[in-house]
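Below is one structure, written out as structure tokens, with a few remarks after it.
Model, not experiment: these values are computed from the prediction. Hydrogens, waters and symmetry mates are skipped; everything else that's a heavy atom, side chains included, is used.
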Amino acid sequence: MIFSNILIDWYLQNKRSLPWRNTKNPYPIWLSEIILQQTRVAQGLPYFEAFTTEFKTIFDLANASEEQVLKLWQGLGYYSRARNLHAAAKYIVNDLNGVFPPSYKELLHLKGVGEYTAAAIASFAYDEPVAVVDGNVFRVLSRVFGVETDISSSKAKKEFQELAQELLPVEAPAIFNQAIMEFGATQCVPKSPDCSVCVFNTKCVALQQKKVDSLPVKLKKTKVRNRYFNYLIIKDRNGDFVVEKREEKGIWFNLYQFNLLENSKSDTIENIVKHIKKEYNPLVLIVKNEEEVVHKLSHQHLHIRFFELQFDEVLKEAVSLDEMMKLPFPIVIHNFIESNYL
């Protein structure tokens, strides 16, 4: 109880004013939690505001097209979150008559909702006493209590969940869960936390043992794959563009892109140009960027070049620039279009 009381007192004095904290309505709470998966609050807040403006109710979201949802999500990354969000909204409206699942266990049936997200929604919307465990919670608990279990190991989730549940005051689960996540996000940050002003600095095991920089323990390293994308911007006589929907499962599924030529390894511009001329025989070929644009994702680094191919014919599948800008693109392509064609 000492830990919980100190933490909640800190939170009441230091919490950020965020719109999803002023409601018990599960719809905006769920939206915020999905948006904030893998996303910082500063980046996610404008998207939350855009979604709640465009889709004021779960019915509005369920009735939207996938393209509308993906376009609004554009730039936020991890696009499977948006597709799952849309699928879950349709399930709630069509199968549950628009009524949100009212408990932790039932929330787990929603697409894209795992244990952490279900616990967050259940505690914030329904005051169900289920502790949240995310990256922030791992960090706070491992440092304050000196837990050296590797957080990438299979046993870590159970161990940290049990500890968080033990600390959770059953009469105030929402405020405790908000507090511990806020503490990890703003005070007990991953790198160089200011321990001199921390409310736990006389009790924190990591600080006493000089292990703040080494906790939490995470031994498993993320393997990064390099991929080499050459985008072919096909333009017809009218200056219209050929785009395609990406059908390959994985990154950017169902987003739009230009024709893609993917290499298995890095190649010279000369070789790529030679190949494009042989395969496509454009009237004009322009290399749009000599240096690769490196777009870093969590498990992949994409090395991207753009080539403009102009043809002296009208292509029936081509779309105008205005039409193209209404479509959802990966942000790296959207930014390229804005910089080069708007």
I'd like a table of donor-acceptor pairs (distance under 3.5 Å, sequence neighbours excluded) in which one partner is a side-chain atom from residues 195-205, with atom names and distances.
unit_1 : atom_1 : unit_2 : atom_2 : d
Ser196 : OG     : Asp194 : OD1    : 2.5
Asn201 : ND2    : Cys195 : O      : 3.2
Asn201 : ND2    : Ser196 : O      : 3.2
Asn201 : ND2    : Cys198 : O      : 3.1

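Within 6.0 Å of the CD atom in Glu279, the count of heavy atoms belonging to other residues, nucleotides or ligands exceeds 12. Residue Lys105 qualifies as open at atom NZ: its count of foreign heavy atoms under 6.0 Å is 12 or below.
Taking a cutoff of 4.0 Å between a charged side-chain nitrogen and a carboxylate oxygen, Lys155 and Asp150 do not qualify as a salt bridge. Ion pairing between Lys157 and Glu115 holds under the 4.0 Å rule for side-chain N and carboxylate O. Arg21 and Glu182 are joined by a salt bridge, as a carboxylate oxygen and a charged side-chain nitrogen come within less than 4.0 angstrom of each other. Contact check on Glu162 versus Lys158 returns a salt bridge, with a Lys/Arg side-chain nitrogen under 4.0 Å from an Asp/Glu carboxylate oxygen. Salt-bridge formation is not detected for the pair Arg305/Glu291: no Lys NZ or Arg NE/NH1/NH2 atom is positioned less than 4.0 Å from an Asp or Glu carboxylate oxygen.
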Which is it for Trp10 and Phe183 under the side-chain contact (heavy atoms from CB on, under 4.5 Å) test, yes or no, and what are the steps along the way?
CA-CA 8 Å; Trp10 173 89; Phe183 191 77; 3.6 Å; yes
side-chain contact (heavy atoms from CB on, under 4.5 Å) between Leu72 and Tyr47, intermediate numbers included:
CA-CA 8 Å; Leu72 212 57; Tyr47 286 88; over 6 Å; no
Working note: Tyr280 + Phe311, criterion ring pair (Phe, Tyr, Trp, His ring centres under 6.0 Å); need CA distance, chi angles, decisive distance, verdict.
CA-CA 10 Å; Tyr280 291 84; Phe311 293 86; 7.3 Å; no
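For the atom pair CG (Asn254) and OH (Tyr79), the distance works out to 12.5 Å, reported to the nearest 0.5 Å.
Screening Arg227, Arg225, Lys223 against Gln300 for a side-chain hydrogen bond (donor to acceptor under 3.5 Å, both in side chains) leaves a single residue, Arg227.
For Arg139 and Asn136, the side-chain atoms include at least one donor-acceptor pair closer than 3.5 Å. Side-chain atoms of Thr149 and Glu159 include a donor-acceptor pair closer than 3.5 Å. Between the side chains of Gln37 and Arg81, no donor-acceptor pair of N or O atoms lies under 3.5 Å. If you check the side chains of Asn177 and Ser123, you find a donor sitting under 3.5 Å from an acceptor.
Checking side-chain atoms of Gln74 against main-chain N and O of Phe329 turns up a donor-acceptor pair under 3.5 Å.
Side-chain contact check for Tyr27 versus Phe55: some heavy-atom pair is nearer than 4.5 Å.
Here ring pair (Phe, Tyr, Trp, His ring centres under 6.0 Å) pairs that include residues 127-175, with residues two or more places apart or in two chains, are Phe3-Phe145, Phe138-Phe160.
Ring centers of Phe241 and Tyr341: under 6.0 Å apart, within the cut-off.
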